[in-house]
2 protein chains.
Amino acid sequence: MYENLLLYKYVNLNVLKEGDYMAVTLNDIARKAGVSLATVSLALNNSDKVNKDTKLKIKRIADKLNYVPNARARALVKKSTKTIGLVIPEVVNPFFAELAQSIKDYVRSQDFNVILCSTDYQSEEELRYINMFRSGQVDGAIFACVGDMMAQHNELIIKLVEENIPVVYVDRDGVDHDLIPVVKSDVYHAAYQAADYLISLGHKELAFAGQSVERLNGFKSALMKHGLDLKDKNVYYDYLKMEGGYTVGEKIAARKNKPEAVVCLNDEIAIGVIQALIAEKVKVPEEISVIGIDNIKMANFYNPSLTTVNIPVSQMGKKAAEILLKRISGQTLSPKEKFFIFPTELVIRDSSWKA
Amino acid sequence: MYENLLLYKYVNLNVLKEGDYMAVTLNDIARKAGVSLATVSLALNNSDKVNKDTKLKIKRIADKLNYVPNARARALVKKSTKTIGLVIPEVVNPFFAELAQSIKDYVRSQDFNVILCSTDYQSEEELRYINMFRSGQVDGAIFACVGDMMAQHNELIIKLVEENIPVVYVDRDGVDHDLIPVVKSDVYHAAYQAADYLISLGHKELAFAGQSVERLNGFKSALMKHGLDLKDKNVYYDYLKMEGGYTVGEKIAARKNKPEAVVCLNDEIAIGVIQALIAEKVKVPEEISVIGIDNIKMANFYNPSLTTVNIPVSQMGKKAAEILLKRISGQTLSPKEKFFIFPTELVIRDSSWKA
DNA sequence: AAAATTAATTAAAACCTTTTAAAATAATTC
DNA sequence: GAATTATTTTAAAAGGTTTTAATTAATTTT
């Protein structure tokens, strides 16, 4: 097969610099088949306008020459790269990794690819991606970046969709635009569930760790419902990762009056908190219950295994991808698809008191 | 700014279906500036052939119209998409997530993007990606997939590079081709280090968990050096993830004669093993030492924190990306770059006996 | 002031496909 | 056998950029 290719090159292009491989084009096939370029294109695209025998002949030659259509040329004429952009803060974060995986899996099943656009929480990076998207390098994009700094881009993103590049938001809010569908989980309720559960266990003084208005509000509403009040010192409202969680754990361990339980914005933070508490000889859950949100795989393998609130991130990713591809293919969305919210679920494990 | 665009559309294209946004092109700018298309292109690319004032005028108009070059057209003529493919088994795996992150970070700094190609260990998926690469959708690719099944693609991948699509292997072997640089870590030595350390602690009966010829051999060579022999039942040679590690842990816990220490192919497996041991009331490290390889972030936050052998995955990713972009830009590689190997380092934490 | 040189601009080709409208060929009908 | 219809093939345009070679305009030299 490869010999043919080499021979072919020799025949048609004579002088060829060593190492300069020239890809086979429709034209080459046409010449070889003694037929026009248009016929070849039609034939390879299985048009029923072209004669059966010609089609076969052309396909044979294409095979023999190891032809593969030039994606760049095709993208130009089709106005589509069959590629979407996925904007997330970082891949090194089990939650977003799983989101990326599920999105990739779905779009791949529809013959699309995904460009990995991680911002590392830098707003300028997101900006650069938005500009890239405008250039038509993708057919659409999913934005899954949270954070206040990103809010300033909402206008630009609206512009993007008005320029006909569909966008779907995942767990990102701040925009209420008819052309931007939002897929999210009920994190308000998740935080509520977490706090509510801890209170039902008998805990009276709860702490919260992480930076998220929605989750903090859910947390507060549970306290409110049970007539508990929230001391300022029990709110560690800060941008945290696992290391940050560790710091919070250290701070808590150092207090004389410790909270009885802590609700963390996500599982990573929870693990950080627990690790610090254990290191400081504070027993989890005997002395302090710790609960996360997300239910990442590690939550089940941590020691103690982590009580958490499940967020169906894979389902969310798939749904977002479905909606995006629907929009890309020009379909209209049902009202439900424009704002799709997933329920969350409490998962009781070993990092909280047993009732 | 946006008003201008709309106005412009109205002027030049009169009838425009609602919602059908037409992107601004070089031609539009040329007309508006009363100058030829070529001049516009030259001007926007900052050619010194075009007059200072004209250049300024053109740039102003481009700005006003919110012009952004069409990436698809540019890709066609430049024969480059400024995009690379990254083939990994899965993103939901801290090791590959970190690899992806570092690769993305570097190529992004050079204005390249990365298409996420995760195969879920399916050989057909890798095949599909290889075909996509052939179509010119990427300028080059990094293959970081291990596994015997993938070996069958080596020929195809060689073909790929012979078609002038540069490829770099990361931690993947089986090919010795002058055009395929390999970046790897010394995992043979890593396994050796792990076993050697455990033996130095006084352990006599060691087990191994995971499927990797190279690592198992390193493990064996350490035993050999110390004159220890390896019982078959102590080798859990299987394709394992975290769950698989858990199963191994259960099996070990159920044995009457337990090994004194276990070397795991990677940290995920190690965590699975530990979690099972603890669940079965086998104390780690008091009764059994467990050691991993990789040094993922979680290793430091696990409880007990995980003794492991560090693999500088971020450095590896960066190096691989550097080499790939070098090849893409046509530079030749030094012999060292054609086979770059990173040293590994023992990281002692709490999952192994203290000396 | 004509010739030669330099600077600025442009026409046109190239990149490779898809797709439409027109042309050529084959098959059918009267 | 001419006219019509159906089938098959093709020429050509379109997509939007880059880039080279050629043209035009401006400047300098003789």
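Order of the sequence lines fixes the chain letters, A, B, ..., with proteins taken first and strands second; residue numbering starts at 1 for each chain. Heavy atoms only: backbone and side chains are in, while hydrogens, waters and symmetry mates are out.
Note on B:Ser36: every side-chain N or O is 4.0 Å or more away from OP1 and OP2 of C:dA11. Remark: B:Thr54 is not in phosphate contact with C:dA8, judged by side-chain N or O atoms under 4.0 Å from OP1 or OP2. Contact check, A:Asn45 against C:dT18: a side-chain N or O comes under 4.0 Å of OP1 or OP2. Between B:Arg74 and D:dT18 there is a side-chain polar atom (N or O) within less than 4.0 angstrom of OP1 or OP2. In this structure, B:Lys79 does not reach the D:dT18 phosphate: none of its side-chain N or O atoms is under 4.0 Å from OP1 or OP2. Look at B:Ser41 and you won't find any side-chain N or O under 4.0 angstrom from OP1 or OP2 of D:dG16. The phosphate of D:dT20 (OP1 or OP2) has no side-chain N or O of B:Lys49 nearer than 4.0 angstrom. Between B:Thr39 and C:dT9 there is no side-chain polar atom (N or O) within less than 4.0 angstrom of OP1 or OP2. Between A:Tyr67 and C:dT17 there is a side-chain polar atom (N or O) within less than 4.0 angstrom of OP1 or OP2.
The only member of A:Ile142, A:Val170, A:Val167 that meets side-chain contact (heavy atoms from CB on, under 4.5 Å) when paired with A:Leu324 is A:Ile142. Exactly one residue among A:Asp28, A:Ile58, A:Asn27 makes a side-chain contact (heavy atoms from CB on, under 4.5 Å) with A:Val40. That residue is A:Ile58.
Salt bridge absent: B:Asp105 and B:Lys318 never bring a charged side-chain N and a carboxylate O closer than 4.0 Å. A:Glu162 and A:Lys159 are not joined by a salt bridge, as no carboxylate oxygen comes within less than 4.0 angstrom of a charged side-chain nitrogen.
Relative to the side chain of B:Asn70, the nucleotides D:dG16, D:dT9, C:dC16 differ in distance, and D:dG16 lies closest. Residue B:Asn51 has its side chain nearest to C:dT9 when only C:dA12, C:dT9, D:dT18 are considered.
Rounded to whole angstrom, the span from the CG atom of B:Leu37 across to the C1' atom of C:dA14 amounts to 14 Å. In this structure, B:Asn46 atom CG and D:dT18 atom P are separated by 12 Å, rounded to whole Å. The interatomic distance linking A:Asp53 (CG) with D:dT8 (P) rounds to 10 Å, in whole Å. Atoms CG (B:Leu76) and C1' (D:dT19) sit 14 Å apart, rounded to a whole Å. Across the protein-nucleic acid pair, B:Leu42 atom CG and D:dT18 atom C1' stand 9 Å apart, rounded to whole Å. Note: CG (B:Leu44) to P (C:dT10) measures 14 Å, nearest angstrom. Put simply, CG on B:Asp48 is 11 Å from C1' on C:dA8, counting in whole angstrom units. Going from atom CZ of B:Arg72 over to atom P of D:dG16 covers 8 Å, rounded to whole Å.
Nearest-nucleotide positions on DNA chain C for B:Val50 and A:Pro69 put B:Val50 closer to the 5' end. Both B:Leu26 and A:Lys52 lie near DNA chain D, and the one whose nearest nucleotide falls closer to the 5' end is A:Lys52.
Atom CD of A:Glu155 is surrounded by 12 or fewer heavy atoms from other residues, nucleotides or ligands within 6.0 Å. For B:Lys338, the NZ atom is densely surrounded, since the number of other residues' heavy atoms within 6.0 Å is greater than 12.
Residue contacts shown for B:Val77 include a base, since a base heavy atom lies under 4.0 Å away.
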